[in-house]
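As the structure is a prediction and not an experimental result, all values here were calculated from the model. Each ligand, and each atom within it, is numbered from 1 in the order the structure gives.
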Amino acid sequence: MRTYLVTGGAGFIGSNYIHYMLDKYDYDIHIINVDKLTYAGNLENLKDIEGRDNYEFIRADICDKEAIAKIFAENDIDRVVHFAAESHVDRSIKDPEVFVNTNVLGTAVMLNCAKAAWELPDGTFKPDKKFLHVSTDEVYGSLPDDDNAFFYETSPIDPHSPYSASKASSDMLVKAYIDTYHFPANITNCSNNYGPYQFPEKLIPLIINNSLAGKNLPVYGDGKNVRDWLYVMDHAKAIDMVQEQGVLGERYNIGGHNEKQNIEIINIILETLQELLPDSDPRKANVSKELITYVTDRKGHDRRYAIAPDKIKAEIGWYPETMFKDGIRLTIEWYLNNMKWMERVTSGDYQKYYEAMYSDRK
Ligand code: NAD
Ligand code: TDX
């Protein structure tokens, strides 16, 4: 039975990945979820699997060398899937330091502990040990408004925000371990994810939540920035396929050729909510294009992201299975059916954060 060490498993993508893996492999794998539970970590995302004897949660900071080394010492880890990170660009603009700590130093700790646990006296590694570093398309910077421009694995690394700079740095550290030690790792660079359990600081859940509450829908700049949206379960599947079928040492882009302007996304959400909410639901009257409010642009706002997924398709056979029209419907339905989750997440710290982030936007 393979043992997985998943970092950041209480966050958005990590919790969806754990669900995906336990659905797929059931009791054939053992998962250890290591998460610090920052504002973005929510164990409620995993409450349906609590108590399974092949799933275990350990609260730890990936920057804590001793805690991470102890987990490797006490368990024969076969796979590391490294999600844990500070992930929100706006937060990184306000407070870059924690991004450097978690994303760069935390990744260094993970690499070092895995290397120490897996390395043999002759400098080679124990067989069938693999580390997958989950990264982002934002490391490639920004594309022009040109429908034929894409990010390839060979595109220059050109990050702009403190978030993407910290992720690019962590990618480089993984590359250095691969190049220097032949460390058994892969890097994946994925486009914007959407789906259940996403923290409502990110565009899609924020727009769903604000629409239902009749609050303004803040659009940064002209609303024409483009993101390439991928349903989170398609990302989870890609990670598993890269780890099991990818060539060690290689980087794989993950994305679905699903580029949309932010304003298009907002309009689709409003239309879908209008369709899904029954006339008897008082929130239906709140859902209106009149809520759309253009606000001060994000500093250094990347214009367009678009992934060329040619390599992962040709070499591994992965392709996105969820059409955006289906994925966004499933996502909105999930939020409508889980309003208690949303209420708990948006109370407390998140509200304070929201005020701090938006009070100075006119
Ligand atoms: P998230 O913010 O929802 O979750 C991050 C998780 O990491 C949380 O559970 C948090 O508690 C945990 N964490 C943070 N700091 C930690 C630390 N020091 N020690 C241990 N745990 C810590 O993020 P997400 O959207 O799920 O993203 C997961 C990964 O995927 C990140 O590495 C991110 O860069 C990458 N990624 C995200 C997207 C996206 O669209 N969300 C796209 C591509 C890549
Ligand atoms: O209120 C908003 N208004 C708005 O116009 C918010 C929160 C966002 N936006 C815009 C900014 C972006 O162009 O929407 C777009 C998407 O914004 P985010 O949801 O903040 O995502 P993004 O900045 O694109 O980064 C996301 O995708 C790549 C994740 O947060 C990263 O972790 C991932 O690496």
Side-chain angles (χ1 to χ4, degrees), residues 6-17 33-43 45-46 58-64 67-68 81-93 98-99 101-103 105-107 109-110 133-139 142 159-161 163-164 166-167 170-171 188-195 197-207 210 216-230 232 235-236 239 253-255 260-263 265-266 292-298 300-305 307 354 357-358 361:
V6 176
T7 69
F12 162 49
I13 307 176
S15 59
N16 278 288
Y17 168 82
N33 171 15
V34 176
D35 197 300
K36 182 182 177 183
L37 299 184
T38 67
Y39 79 93
N42 186 352
L43 284 182
N45 301 356
L46 296 160
I58 298 176
R59 186 170 192 178
D61 185 337
I62 56 164
C63 299
D64 181 342
I68 301 298
V81 184
H82 177 39
F83 291 99
E86 288 292 334
S87 69
H88 192 41
V89 173
D90 289 325
R91 286 180 190 261
S92 81
I93 295 166
V98 64
F99 284 73
N101 281 334
T102 291
N103 300 1
L105 299 179
T107 300
V109 168
M110 291 306 305
H133 176 62
V134 180
S135 190
T136 168
D137 58 359
E138 299 198 17
V139 302
S142 183
H160 298 130
S161 71
Y163 163 70
S164 52
S166 68
K167 291 297 292 187
S170 61
D171 292 12
T188 53
N189 295 90
C190 188
S191 60
N192 285 59
N193 283 215
Y194 69 99
Y197 305 111
Q198 188 167 28
F199 194 82
E201 64 187 350
K202 307 281 167 45
L203 182 71
I204 288 182
L206 184 138
I207 296 299
N210 283 17
N216 285 347
L217 309 180
V219 182
Y220 298 170
D222 65 3
K224 293 184 178 161
N225 298 66
V226 170
R227 296 293 181 265
D228 182 357
W229 294 94
L230 182 70
V232 64
H235 187 189
I239 287 170
N253 283 353
I254 306 173
K260 297 219 180 314
Q261 291 183 345
N262 295 334
I263 192 70
I265 296 286
I266 294 171
I292 294 175
T293 309
Y294 287 85
V295 299
T296 317
D297 206 356
R298 175 183 278 174
H301 196 175
D302 287 337
R303 187 64 177 172
R304 178 170 172 270
Y305 301 147
I307 282 276
Y354 188 88
M357 200 57 71
Y358 289 93
R361 287 189 193 273

(request) Please determine if Arg227 forms a cation-pi arrangement with Tyr194, meaning its NZ or CZ atom is less than 6.0 Å from the six-membered ring centre and no more than 45° off the ring axis. (result) no
Shortest protein heavy-atom distance from [atom], along with the residue and atom involved:
{"atom": "atom 40 (O) of ligand 1", "value": "Asn193 N, 2.9 Å"}
{"atom": "atom 28 (C) of ligand 1", "value": "Phe83 O, 3.6 Å"}
{"atom": "atom 25 (O) of ligand 1", "value": "Phe12 CD2, 3.7 Å"}
{"atom": "atom 1 (P) of ligand 1", "value": "Ser87 OG, 3.6 Å"}
{"atom": "atom 9 (O) of ligand 1", "value": "Asp35 OD2, 2.5 Å"}
{"atom": "atom 35 (C) of ligand 1", "value": "Val134 CG1, 4.1 Å"}
{"atom": "atom 36 (N) of ligand 1", "value": "Ile13 CD1, 4.0 Å"}
{"atom": "atom 19 (N) of ligand 1", "value": "Ile62 N, 3.0 Å"}

(message) If the test is side-chain hydrogen bond (donor to acceptor under 3.5 Å, both in side chains), which one of Asp171, Asn103, Asn101 qualifies with Ser166?
(response) Asn103
So is [X] close enough to ligand 1, meaning a heavy atom under 4.0 angstrom away?
{"X": "Tyr197", "value": "no"}
{"X": "Ser135", "value": "yes"}
{"X": "Asn192", "value": "yes"}

Just by modelled atom types, is the [Y] backbone N or O under 3.5 Å from a matching donor or acceptor in the [X] side chain?
{"X": "Asn189", "Y": "Thr136", "answer": "yes"}
{"X": "Ser142", "Y": "Arg303", "answer": "yes"}
{"X": "Asn210", "Y": "Asn216", "answer": "yes"}
{"X": "Thr7", "Y": "Ala84", "answer": "yes"}
{"X": "Thr102", "Y": "Phe99", "answer": "no"}
{"X": "Asn33", "Y": "Gly9", "answer": "yes"}
{"X": "Asn16", "Y": "Val232", "answer": "no"}

(message) Residue-level breakdown please: for Thr102 versus ligand 1, do any non-hydrogen atoms fall below 4.0 Å on the side chain, on the backbone, on both, or on neither?
(response) side chain
[X] N/O to ligand 1 N/O under 3.5 Å:
{"X": "Ala84", "result": "no"}
{"X": "Lys167", "result": "yes"}
{"X": "Asn42", "result": "no"}
{"X": "Asp61", "result": "yes"}
{"X": "Lys36", "result": "yes"}
{"X": "Lys202", "result": "no"}

(message) Any salt bridge linking Asp137 with Lys167? Criterion: basic side-chain nitrogen under 4.0 Å from a carboxylate oxygen.
(response) no
To the nearest 0.5 Å, what is the distance between [atom1] on [X] and [atom2] on [Y]?
{"X": "Arg298", "Y": "Asp90", "atom1": "CZ", "atom2": "CG", "result": "4.0 Å"}
{"X": "Leu230", "Y": "His235", "atom1": "CG", "atom2": "NE2", "result": "7.0 Å"}
{"X": "Glu201", "Y": "Tyr39", "atom1": "CD", "atom2": "OH", "result": "3.5 Å"}

What atoms of ligand 2 come closer than 4.0 angstrom to any heavy atom of [X]?
{"X": "Val219", "answer": "5 (O)"}
{"X": "Thr136", "answer": "28 (C), 33 (C), 34 (O)"}
{"X": "Val89", "answer": "23 (O)"}
{"X": "Tyr163", "answer": "31 (C), 32 (O), 33 (C), 34 (O)"}
{"X": "Ser87", "answer": "29 (C), 30 (O), 31 (C), 32 (O)"}
{"X": "Glu201", "answer": "7 (C)"}

(message) Just to be sure I'm reading this right: ignoring hydrogens, which of Pro218, Ser164, Ser135 gets closest to atom 3 (N) of ligand 2? Compare them by their nearest heavy atoms.
(response) Pro218
(request) Would you indicate which of His88, Arg304, Arg298 comes nearest to atom 23 (O) of ligand 2 when only heavy atoms are counted? (result) Arg298
(request) Given side-chain hydrogen bond (donor to acceptor under 3.5 Å, both in side chains), test Glu86 with Tyr163 step by step and report yes or no. (result) CA-CA 8 Å; Glu86 288 292 334; Tyr163 163 70; over 6 Å; no
Under 4.0 Å from a heavy atom of [X]: which atoms of ligand 1 are those, numbered in the order shown and with their elements?
{"X": "Leu37", "result": "11 (O)"}
{"X": "Tyr163", "result": "33 (C), 34 (O)"}
{"X": "Ala60", "result": "19 (N), 20 (C)"}
{"X": "Ser191", "result": "42 (C), 43 (C)"}

(request) Could you tell me whether ligand 2 has any atom less than 4.0 Å away from a heavy atom of Lys167? (result) no
Consider every N or O of [X] and every N or O of ligand 2, then say whether any pair is closer than 3.5 Å.
{"X": "His301", "result": "yes"}
{"X": "Asp137", "result": "no"}
{"X": "Tyr305", "result": "no"}
{"X": "Asn192", "result": "yes"}
{"X": "Trp229", "result": "no"}
{"X": "Tyr220", "result": "yes"}

(request) I would like to know whether Trp229 and Ile265 meet side-chain contact (heavy atoms from CB on, under 4.5 Å); could you show each step before the answer? (result) CA-CA 10 Å; Trp229 294 94; Ile265 296 286; 3.5 Å; yes
(message) Go through it in stages, so that I can follow the logic: the residues are His88 and Phe199, the test is side-chain contact (heavy atoms from CB on, under 4.5 Å), and I'd like the CA-CA distance, side-chain angles, deciding distance and then a yes or no.
(response) CA-CA 10 Å; His88 192 41; Phe199 194 82; over 6 Å; no
(request) Determine whether the side chain, the backbone, both or neither of Lys202 has a heavy atom under 4.0 Å from any heavy atom of ligand 2. (result) both
